[in-house]
Structures are given as C-alpha cells and as structure tokens.
There are 2 protein chains.
Amino acid sequence: MIAQRDQLNAVGGHADERSVAGTDQRSIPEATVARLAIYLRALVGMGKVGVATVSSGSLATAAGVNSAKLRKDLSYLGSYGIRGVGYDVSLLTDQIHKTLGLHQNRAVALIGLGHLGRALAGYAGFASRGFRISAIVDADPAIVGTRVRGLPVQHVDDLDAIVRTENIAIAVLTVPAGVAQEVCDRLVVAGVTSILNFAPTVLAVPAHVDVRKVDLAAELQILSFHDNRKSARADCEPARSGSSTMAVGP
Amino acid sequence: MIAQRDQLNAVGGHADERSVAGTDQRSIPEATVARLAIYLRALVGMGKVGVATVSSGSLATAAGVNSAKLRKDLSYLGSYGIRGVGYDVSLLTDQIHKTLGLHQNRAVALIGLGHLGRALAGYAGFASRGFRISAIVDADPAIVGTRVRGLPVQHVDDLDAIVRTENIAIAVLTVPAGVAQEVCDRLVVAGVTSILNFAPTVLAVPAHVDVRKVDLAAELQILSFHDNRKSARADCEPARSGSSTMAVGP
DNA sequence: TATTGTGAATTAGTTCACAGCT
DNA sequence: AGCTGTGAACTAATTCACAATA
C-alpha cells in the first residue's frame, strides 16, 4: 500500500515553548506547523472561489491528509470551528496566517543568482504568500549592478550592510556548495536567523539560527528507494491489474 | 534552543515490507531513508578527499545528526562497521548506494520548462547521483523541438510514448499549478510511479504512486513561524549576548 | 581502548472513537 | 443530524546507556 506520502518535518529543537503575550502560540508540534502552510494554501484557494464554510473532511481532502489529523492540527490554534457546521474559511485563513507570522511581510534576501536563483527571483508566490524579496546578492562582478525584477544585484561583500538596512529576516541560499558555509557564516554574523538552503551541503550554524534545506538529489534518492522496493515486490507478485483507487488519506 | 532542524519525512504507507530476495531491505524506517541520502553525500565527499575510515561521530557531524541516530540508521542496512575503528568509507558508500537503488541509473523526465525547469535541467547533480535526464517535456509549441542540454524538448501530448520508450521511472513536475493535476494524471496513466512535484498543489494519485513535494512557500512559512516565535521570545528576555555555540546535534 | 550495535526508555506524532455542541 | 474537539490508545522516531568486540 504505497500511497502519497506526506512530507512533514520531524522535530529538531523547540522543546521549550512558553506562552507569550499577544499571539498565542504555546507548543504547536513541528509536524503541525509544516501542515499549516498546506492548509493555508487550500483555504486561500477556497476563499477565492467563494467558499464560505468548509468541513474538516473536505479541507482534509484538499490538503491530502485525513480529517482527524486536520482537526487535531487546527485544535492547537484554538477552537475556531462550529460543531455541526465546519470552519469559516476567512476566519480560519486569518488565524493560520497570523499563527505563521505572515502578517509581518518579512524581508527575504536571495543569495546567489545562478539558474535556480533566477528562477526563484521570478517566483510570483513570494508576495502573495507574505514575503517580499528585498535584496538580491551575488559574487560575480559581471552581474552585480544589473537589475533583476526591479532590484539591483548587490555584492556579497556588502551583505552585512544589506541585512541591516533592509532588515532581512530570511535568506534564501542558492550559491554553489563550495561557498555555502562561508556565505552562511556571513549571514549569521550580519544577524540573519532563518535560512532556506538550496545548496547541497549541511550548514553548521549557532543554535539560535534556523536552517531548512531543500535537496533535489535527496528527494530523488528517496523516490528511488521506494521505486526499487516496488519493483522488487512486483517480482514476487502477480501482475497488478488496473484497479487503482485514489487514496489521499489511508 | 532553536537549532538546525533536520528535515525528515514522516511516514505515509509502506508498513507492509517483506524481505525480498537479493538486496536486503526489510523495513527501513522512512526517517532513516531520508537521512541515508545525506550520509551518502557526506561519504562520497570523504571518499574524494581520500578518507578511508570514518567513525560514527565524525560522519554524524558531517551529516548534521547525532551519532546515536547515525549508528541506529546504519544498523538497518546491516553490520558494516568495525568496533573500535569505525566504518570503511567505500564499503559503506556502496551499501547505501545499493540500498537506495542508485545502481539502476534511473531515467528521469523533466516536465515543464519554465525558469525552474531550466534550472533543474542544468543541475549537474543528476548524473553524479544516479539519475539521468532522459526526456524534457513542455506544452508550449514555441519551445517544443528546441534542444536543452542536448535533449529535444518534446510535447506533453506524447507523454505516453515518451514514458514507455525511455522507460521513465521518475517524473519531475515543474508545471504551473493549474495544470499539475492533469499532467500528473497523464503520467500515472503512462505508468510513472514516482513523482517529484514542485507545483504548489496537492496531487491526487492512486495508492501505488509515490509523490514527494518541494514547496518553497511552505518552507518560508515554516521559517516565518519560528522567526515569529523567536522575536516574541526576545521581547521578554534580556538581549542575547554574542555567546553562540555551534550546535549540530543536541 | 575506542567504537560499534542495540535493547530499553523516552518523546513525538497519528489515529481512534466518542462526548459535546450547534 | 452532523461535525468539531479531544482524551486515550497506538505507532513511529529518537535518545540513552551499555554490553560486545576488534
């Protein structure tokens, strides 16, 4: 039974939460946080289409999880559903938005303007999802000074000043693996505490810095493992007939 | 204590493993599979630099995990270490390589030649990591027929034939969200059972198809959540001094 | 002696199943 | 009647800590 796998992120640190005044955020499990982003996308889509209310069942289907998990996840935010009815799409959207801290419209710096960097620079989803590219940085003198999407490409040597003046919250790293650690160190010194790393390297960072990694090769290898297992399995079984059922939750 | 988080994937199905003749692969936990790819990268790097033997401690540091986890992970592959000494780099590399099914040099199809698709087409890591781009597909008549990296861009309408003749094992989807499900359906009909989805949509697939998703916006939103929590925390605490310790494992 | 391999203990995450509302 | 919210049960993953051993 090899179904669509949900890709959640196991926990790292974050054990020591405290209820903090203002936005109430006591210990939302890491796995739940990762799914909130998915729920948010589904909700925004529904809102655009004019759906006003949604049940845990249909939102769960849209998000590719089962409804018990969805309800448990939402329960960490508080009690925003109406029994017998469902969830108000716009209210729930706002709550998740707030919980993820997206009201802040965080400034993002894009470091490294290779093919991937350019692709990300052109990604329309930044603005619509609560982020704003505020700086683009590279080391190549040939492109420093040119403009990409209205922003001047700045030199990596000026990183410190850029981070401070633009108040960069998140850095997206698309530099070659060989220089990733060095650039990361500069970012950390400049005060960046959240990094999304596309370089195929493990970054060493101080404990207060958060790194997430996107790793194409690793994803393919994980698929390869399961593919391999599937074909090994197929060798011992009668040929599969065409009876395939759509399954999102188990 | 907000440290570098490891990004492992929680399990979906795959509960019903069976020991299969040949490559021995009984029930490796999902979280472990995801890390094997990281260990492999670290090992390959060490091999290139001429390291012959490595202890669980140093490999763990290189991979950004703690050594107990690393040893437990490797123990699922079998017993390839030497007590008091460590692991033979080349032997362990081969074992992980085999476990991940990378000896097969799987054929990958790239579907969608936007900015991201082009960036991925140019990614050198495919070949060196056990994959080979065998087909590039798009729907835009203006680019169908042109060549990218030596490969002709083919039309999405021919997907069925392409998948069969090239024996495509894995499809990498970088098409617009609006058409992702439709293209996915065609892939499934053509017989693809592993999909790496970069489109910001949840794909519905039959149970035997494996989908992994890479989601830029979600990653940023998760970082945003923690960033938000950090700043809320900082409001109630004395300013942090400069004493930052590098922490990879706890 | 140094390091692996692993049962046992712990912690996190998921699912069940039903009480409690609307 | 229908759907949420959630304790309780279960399953997966991590960490501990130490016996085994080259």
Side-chain angles (χ1 to χ4, degrees), chain A residues 1 3 5-17 26-36 39 53-61 63-89 91-92 95 247-250, chain B residues 1 3 5-17 27-36 39 52-61 63-89 91-92 95 247-250:
Chain A
M1 195 62 61
R5 195 181 333 292
D6 39 353
Q7 293 178 282
L8 312 171
N9 301 91
V11 335
H14 296 285
D16 53 336
E17 313 265 345
R26 51 207 169 203
S27 81
I28 299 181
E30 193 58 28
T32 294
V33 173
R35 285 187 297 259
L36 288 179
Y39 304 155
T53 292
V54 67
S55 70
S56 63
S58 43
L59 183 52
T61 302
V65 301
N66 69 49
S67 65
K69 193 187 277 181
L70 179 120
R71 288 200 303 278
K72 176 77 80 180
D73 284 341
L74 294 185
S75 78
Y76 292 111
L77 310 193
S79 196
Y80 296 110
I82 301 169
R83 292 171 201 239
V85 178
Y87 300 90
D88 181 274
V89 170
L91 172 63
L92 190 54
Q95 281 306 324
V248 172
Chain B
M1 194 63 59
R5 196 181 331 291
D6 38 354
Q7 292 179 281
L8 314 170
N9 301 92
V11 339
H14 296 286
D16 53 334
E17 313 267 343
S27 81
I28 299 181
E30 194 56 30
T32 294
V33 173
R35 286 187 297 259
L36 288 179
Y39 304 154
T53 291
V54 68
S55 70
S56 64
S58 44
L59 183 53
T61 303
V65 301
N66 68 50
S67 66
K69 193 187 279 181
L70 179 122
R71 289 201 302 279
K72 178 73 91 180
D73 283 343
L74 294 185
S75 77
Y76 292 111
L77 310 192
S79 196
Y80 296 109
I82 302 168
R83 290 170 202 243
V85 178
Y87 300 89
D88 180 275
V89 171
L91 171 62
L92 190 55
Q95 280 306 325
V248 172

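Each chain gets a letter, A, B and so on, in the order its sequence line appears, and its residues count up from 1. Any value given below was found using the heavy atoms of this structure, including those in side chains, with hydrogens, waters and symmetry copies removed.
For the OP1/OP2 pair of dA13(D) and a distance below 4.0 Å, the side-chain nitrogens and oxygens of Tyr76(B) include no atom meeting the criterion. For dG5(C), one of the phosphate oxygens OP1 or OP2 lies less than 4.0 angstrom from a side-chain nitrogen or oxygen of Ser79(B). Between Ser56(A) and dC3(D), a side-chain N or O to OP1/OP2 separation shorter than 4.0 Å is absent.
Atom CD of Glu30(B) and atom C1' of dA12(C) are 16 Å apart (whole Å). Per the geometry, OH belonging to Tyr87(A) stands 14 Å off P belonging to dT22(C), to the nearest Å. Taking atom CG on Leu70(A) and atom P on dT6(D), their separation rounds to 14 Å, with Å as the unit. In this structure, Leu59(B) atom CG and dG5(C) atom P are separated by 12 Å, rounded to whole Å. Put simply, CG on Leu77(A) is 12 Å from P on dT6(D), counting in whole angstrom units. Rounded to whole Å, atom P of dC3(D) lies 16 Å from atom CG of Leu92(A). Rounding to whole angstrom units, CG of residue Asp73(A) and C1' of dT4(D) are separated by 14 Å. Atom CD1 in Ile82(A) sits about 13 Å away from atom C1' in dG2(D), given to the nearest Å.
With sequence neighbours left out, Ser58(A) forms a side chain to side chain contact (heavy atoms under 4.5 Å, CB included) with Val54(A), Ser55(A). In terms of the side chain to side chain contact (heavy atoms under 4.5 Å, CB included) criterion, residue partners of Leu91(B) (sequence neighbours excluded) are, by chain and number, Tyr80(B), Asp88(B), Gln95(B).
Distance alone, capped at 3.5 Å, places no donor-acceptor pair between the Ser79(A) side chain and the Ser75(A) backbone.
Here Asp73(A) contributes atom CG and Ile28(A) contributes atom CD1; the two are 9.5 Å apart, rounded to the nearest 0.5 Å. In this structure, Leu74(A) CG and Lys69(A) NZ are separated by 13.0 Å, a value rounded to the nearest 0.5 Å. To the nearest 0.5 Å, atom OH of residue Tyr87(B) and atom CZ of residue Arg71(B) are 6.5 Å apart.
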Using the 3.5 Å cut-off, write out each protein N or O paired with an N or O of nucleotides 16-19 of chain D and the distance between them.
none

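Taking every side-chain heavy atom of Ser75(A) into account, dG5(D) is the closest of dT15(C), dA13(D), dG5(D).
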Worked verdict on Leu59(A) versus Leu92(A) for side chain to side chain contact (heavy atoms under 4.5 Å, CB included): CA-CA 11 Å; Leu59(A) 183 52; Leu92(A) 190 54; 4.1 Å; yes
